[in-house]
2 protein chains.
Amino acid sequence: MKEGREVTIYDIAKSLHISPATVSRSLSNHHAISSRTRKKVLEAAHEMGYRSNSFARNLRMQKINVLGVIVPKINSHFISSVIAGMEEVASEYGYRIIISQSMESMQMEKERVYTMFNNRVGGLLVSVACDTTNMKHFKLFFDKKIPVVFFDRVFEGNGNLNVVIDNYRNAYDITRHLIGQGCKRILHIGGNQARAEYKERYRGYRDALLEAGLVCSDELLLINKLDEKAGIEAGEKILRMAERPDGVFAANDICAAHCLQTIKAAGYKVPEDICFAGFNNDPVAEMIEPHLTTVNYPCYEMGEIAMRSLINQLSGSRIINAAGSIILRSGIIVRASSLRRKSS
Amino acid sequence: MKEGREVTIYDIAKSLHISPATVSRSLSNHHAISSRTRKKVLEAAHEMGYRSNSFARNLRMQKINVLGVIVPKINSHFISSVIAGMEEVASEYGYRIIISQSMESMQMEKERVYTMFNNRVGGLLVSVACDTTNMKHFKLFFDKKIPVVFFDRVFEGNGNLNVVIDNYRNAYDITRHLIGQGCKRILHIGGNQARAEYKERYRGYRDALLEAGLVCSDELLLINKLDEKAGIEAGEKILRMAERPDGVFAANDICAAHCLQTIKAAGYKVPEDICFAGFNNDPVAEMIEPHLTTVNYPCYEMGEIAMRSLINQLSGSRIINAAGSIILRSGIIVRASSLRRKSS
DNA sequence: TTGTAGGCGTTATCAC
DNA sequence: GTGATAACGCCTACAA
């Protein structure tokens, strides 16, 4: 076996005194080939350490088995679980995935999309950055009819498919729950309202309040980045408020948990003084004391479904309706952080 | 713009009445090209929806800009952070990463390695599965001198590079800390002892005990999968013990946290009755009450370093010593779960 | 500064 | 059943 250079079908052909075409056919189980020849070739290939060159093959075949995934950041419970689900399905169908992070920046997202395009991925799975305001940069894909599936953070209406949960409904339900526990003055910590998903969570919250005749004012709305730091700052802000809320619904668990911790450290009791609710069902929700009421987000399943839909569009001969939304089942999980009464 | 067929540099060349070579050079920022021509080409390329064909490019260049990452499971704080670090460095250097999971199974790991090989990744980053007992399946890569960098869970001595932390030392230090807090009977929850990393943590623990003249017996050693379920079961087991330990050192935080929770739920006080320490500095460590003493594991940094080392081997003309180990700085973080005295 | 031409490793289309 | 040969799209000596 030669060091350095790769073994090609020519090398095999030469050593066997046959033509490269025959080798190629043997390797790809072509029907018009004698089984004796095929056997010889297969053995020689193994012997010589041959591996097919996927670049040459793809170049020739015009076919691609790599799919792209673009996410804001990989290192969150939510995203890493989604990706785990995607990877499992992808590898089951013989696809590879390449992953990149937009770091919550639309500018970087654009670059990533372009790179994916140039890398000729067969399809794209995307959860957009926080400040992504439009989907112009996906036009490249739409124009070429390369399927794009959005998940979690999505856009409507370019013939693409979205995999989501019902943000409005879950936010509404969890706010209703807080109201049911006797909260009269509920504060919402939300994410960037330019993102429909966070807007929907806010709307669900607001509608529940209005319906119950409770106050819903700007003072009770905090918009931030929903990370650890934001949670702590939100807590400090709440502590400084003249009229303190008796309930908090945050648009994610990390933020909720750190806010809760800050409030607790100041001597207030949860849920007696303030009820808390989050979103996502992150592992921290079950660690914090008291455990955090939250919305169960089927992350792993979302990854599986999104990937399955994408592969479907790639291999399915005729898809009737690839566009639209798949809304996954989700629901609230009631834990001690919001439980004042026995029955909810 | 033609539908269906891809735009090539030939199409651009034709429409601009110049040669394909000029187009190619313009596109790759070759120096010997007039900026006027380049501009024209870039515009035309954009206009016509051109994208470079990475297959043709790779075929021609014999170079690969895709690197493979194989991990047990993506969806843990530790692994997702490592990958986030890797991706950041990779994209900085123009590399893409393809990721797959071995699901903690050596059999699947073998398959993944083979797939990566056939996909002709330029290099490999691996943290091996729990039950991986040898590195025979990486021989393909070693033979072809394709660089492989192991991280966290590693193997010694095949000319490969390892990126690790000092498991022995950290385990030793944290056990010493528990002893310093007055613990006399410390239990260790460890991972699969076939894995050197978990063995090292056990050894550090044991040596600290022996040195202090404390008891170190099989009764005080629990080996399990270190996940949530294992943590709860460990807690239940401890509660059933005749001679209960007054300190627990678990080889990861998830397990430690759930064990702690189980013990606490049974009415015992932490750290007064039992001290707790974990490993990894997972987000849950700062959420649980009391906060968990742990070992800070520089995950993101590990991803960055591992990726940087790999790219180094790929591009560096002469690497003096690519083999061996890089040991990252880590250290214990003392929190309330083990703090009985004012000074540690 | 730009053009010409050959080859990277496959597979498909002809012949034989 | 097998062999010759022409693409696939790109890059890069070498020429001009």
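Letters A, B, ... are given to chains in the order of the sequence lines, protein chains preceding strands, and every chain is numbered from 1. Given the structure is predicted, the values throughout are model-derived calculations rather than measurements.
- B:K40 places its NZ atom 11 Å from the C1' atom of C:dT2, with the value rounded to the nearest Å.
- Contact annotation: the side chain of A:V163 never approaches that of A:I327 to less than 4.5 Å [non-hydrogen atoms, C-beta and beyond].
- Pairs of residues two or more places apart, or lying in two chains, that qualify as salt bridge (charged side-chain N to carboxylate O under 4.0 Å, His left out) and include a residue from residues 10-26 of chain A are A:R5-A:D11.
- Judged as a side chain to side chain contact (heavy atoms under 4.5 Å, CB included), and not counting sequence neighbours, the contacts of B:M108 are B:M103, B:S105, B:R112.
- One interatomic measurement links the two molecules: CE of A:M61 to C1' of C:dT10, which rounds to 9 Å at whole-angstrom precision.
- If you take CG of A:N118 and P of D:dC10, they are 10 Å apart, rounded to a whole angstrom.
- Heavy atoms of other residues, nucleotides or ligands lying less than 6.0 angstrom from CZ of B:R57 number 12 at most.
- As a whole-Å value, the separation of A:D11 CG from C:dG9 P is 8 Å.
- In this structure, A:R57 atom CZ and C:dT10 atom C1' are separated by 8 Å, rounded to whole Å.
- Phosphate proximity of D:dC10 to B:S52: absent, as no side-chain N or O sits under 4.0 Å from OP1 or OP2.
- Comparing D:dC10, C:dC8, C:dT10 by their closest approach to the side chain of B:I9 singles out D:dC10.
- Spacing between atom CG of A:N53 and atom P of C:dG7 amounts to 18 Å, rounded to whole angstrom units.
- Between B:Y50 and D:dC10 there is a side-chain polar atom (N or O) within less than 4.0 angstrom of OP1 or OP2.
- Per the geometry, CZ belonging to A:R120 stands 8 Å off C1' belonging to D:dG9, to the nearest Å.
- A:A84 pairs by the side chain to side chain contact (heavy atoms under 4.5 Å, CB included) definition with A:Y300, B:I74, B:N75, B:Q101, not counting sequence neighbours.
- For the pair A:Y10 OH and D:dG3 P, the computed distance is 13 Å after rounding to whole Å.
- Partners of B:P147 by side chain to side chain contact (heavy atoms under 4.5 Å, CB included), not counting sequence neighbours, listed by chain and number: B:L310, B:Q313, B:L314.
- Near DNA chain D, meaning a heavy atom under 4.0 Å away, the residues from residues 13-35 of chain B are B:A21, B:S24, B:R25.
- Residues meeting the salt bridge (Lys or Arg N to Asp or Glu O under 4.0 Å) test with B:K110, sequence neighbours left out: none.
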